[in-house]
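In what follows, a single structure is set out as structure tokens and then discussed.
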Amino acid sequence: MAERFKIQGGETLKGEVSIGGAKNAVLKLLAATILVKGKTKIYNVPHLTDVDIMLNVLSDLGAKYIYDKQEKSVMVDASDITSITAKYELVSKMRASFIILGALMSRCKEAIVALPGGCAIGERRVDFHIKGLEALGAKIKIENGYVHAKASKLVGADIYLDIPSVGATENLMLAAVLAEGSTRIQNAAQEPEIVDLANFLNTIGADIIGAGTSEILINGVKAENLHSAEYTTIPDRIEAGTFMAAVVATKGKAIIKNVFPAHLTFFNDKLIKMGASIKLVEPTTIEVSCKNRLQAINFVTQPYPGFPTDLQAIAMTLLTTSNGVGIITESLYENRFMQVPDLRRMGADIHQDRNHAIVKGVKHLTGATVAASDLRAGAALVIAGLMANGETIVEKLHHIDRGYEEFEHKLTKLGAKIYRYNDAEEVKIAHEIRGSV
Ligand code: EPU
């Protein structure tokens, strides 16, 4: 049944919120568990629909899992892998499941994985993944919408990525773990989620050096060197940035726990330039606040450590009521300004020309009915609703549920007036905040 948020804008967010495990790290760690012929346990796993999809992918391959939502852990037993196919029904729901290609190539030397195709935010090709696997010795056929990769053995190689693609770096890192000899990935992505995957792989017995820099060296190990392990994933930097923005947007003050501030340096710097205050309380706790109207800034999205594209829509929302004119350049995706028409409907003054957006700050936004077009655009519209005068309805919540765990519960705890309801029944979330938040 279609669900919506009803948001009464104008509340100042105050209090404390704790950030969950990083979606974009956990999904890759789960795929990587199939390298171990045994059990691995991952902690700090957020409860998200994307996590459920990845677990379905693993289950289709023959792996067994126990997902303890209280403990926020997943135990995967990949002793027996009985299938090498990741079907279209799952990959088309979540592009990240394409990461299973590299993991299957490591474990089985053969994989049949549906091609993900484009999505709302851009074309999102996988040519670097394919070329990299070919460089490692895989023969690849693309038939009936599936990538069929096969190799009698994988052999280490030097691979240069034209763009520091997160997914390609991860897929190739996974594929190279058990290859003969060493693989060097140059112009590798440097995101914290890449480091987390490398740390996890090293914990189970891989030999990876340089993750977090532009050159990653993977020294192939023998399958018998890989072993069971337990691992805790990093906090979600994009969720942290989203809550920081929500607090700043409502001129609030909040403590944000379980955050690695070093993962958000560029974003924090921009928030401070806009007039926010960010104080380090403890190594993984920050205090965010803002008293005055924000000042407009310009920014360009870039691969890590640059300004994260996943926070672009959210930062645009902050600019809509800032003092002055801000210019945004989206350099990673062709189509990541999907939030613009809805922000305009709320009164924002935004001029868009291809991958540039000029945002002229208005005095205030006004509530309207809007719809999430993708995960981050959806979060941006929720923040716009918190800022706006009057009532905002946000539709298509399934996009938001992919990547924000208990989003409205956490916001409610900070003082937001946000309710989830469906066509049959309005559910007043404010009256059922769960103890876990
Ligand atoms: N690209 C190619 N060919 C390839 C691979 C990528 O042309 O073979 C292009 C893409 O089309 C895109 C750019 O390179 O324009 C960057 O894509 P990348 O491969 O780095 O992104 P991804 O691995 O598909 C991950 C995150 C995204 C995040 C990007 C960039 C996951 C599951 N997804 O995607 O997160 O935007 O990195 O940081 O890790 C989100 O969480 O909302 C989200 C979209």
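Remember, it's 1-based here, ligands and their atoms both numbered in the order they're listed.
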Does either side chain, that of Ser331 or that of Gln302, offer a donor lying less than 3.5 Å from an acceptor on the other one? no
Is Glu405 close to Asp236 at the side-chain level, that is, under 4.5 Å between some pair of heavy atoms? no
The single option from Thr320, Leu319, Val325 that satisfies side-chain contact (heavy atoms from CB on, under 4.5 Å) with Lys360 is Val325
Quick one: which of Asp310, Asn355, Thr301 gives a side-chain hydrogen bond (donor to acceptor under 3.5 Å, both in side chains) with Arg336? Asp310
For the pair Glu180 and Lys153, find out whether any cationic side-chain nitrogen is under 4.0 Å from an anionic carboxylate oxygen. yes
Taking the six-membered ring of Phe266 as reference, does the NZ or CZ atom of Lys270 fall below 6.0 Å from its centre and within a 45° cone about the axis? no
With the criterion set at N/O pairs under 3.5 Å, what does the list of contacts between the protein and ligand 1 look like, atom names and distances included?
| from | atom 1 | to | atom 2 | distance (Å) |
| --- | --- | --- | --- | --- |
| ligand 1 | 3 (N) | Arg125 | O | 3.3 |
| ligand 1 | 3 (N) | Asp127 | OD1 | 2.7 |
| ligand 1 | 8 (O) | Arg125 | O | 3.3 |
| ligand 1 | 8 (O) | Asp127 | N | 3.0 |
| ligand 1 | 8 (O) | Asp127 | OD1 | 3.1 |
| ligand 1 | 8 (O) | Phe128 | N | 2.8 |
| ligand 1 | 11 (O) | Arg124 | N | 3.4 |
| ligand 1 | 11 (O) | Arg125 | N | 3.4 |
| ligand 1 | 15 (O) | Leu332 | O | 2.5 |
| ligand 1 | 19 (O) | Ser165 | OG | 2.6 |
| ligand 1 | 20 (O) | Val166 | N | 2.8 |
| ligand 1 | 23 (O) | Gly167 | N | 2.8 |
| ligand 1 | 24 (O) | Arg124 | NH2 | 3.1 |
| ligand 1 | 34 (O) | Arg124 | NH2 | 3.2 |
| ligand 1 | 35 (O) | Asn24 | ND2 | 3.3 |
| ligand 1 | 35 (O) | Asp310 | OD2 | 3.1 |
| ligand 1 | 36 (O) | Asp310 | OD1 | 2.6 |
| ligand 1 | 36 (O) | Asp310 | OD2 | 3.4 |
| ligand 1 | 36 (O) | Tyr333 | OH | 2.8 |
| ligand 1 | 39 (O) | Lys28 | NZ | 2.7 |
| ligand 1 | 41 (O) | Lys23 | NZ | 3.2 |
| ligand 1 | 41 (O) | Asn24 | ND2 | 3.0 |
| ligand 1 | 41 (O) | Arg376 | NH2 | 2.8 |
| ligand 1 | 42 (O) | Arg336 | NH2 | 3.4 |
| ligand 1 | 42 (O) | Arg376 | NE | 3.0 |

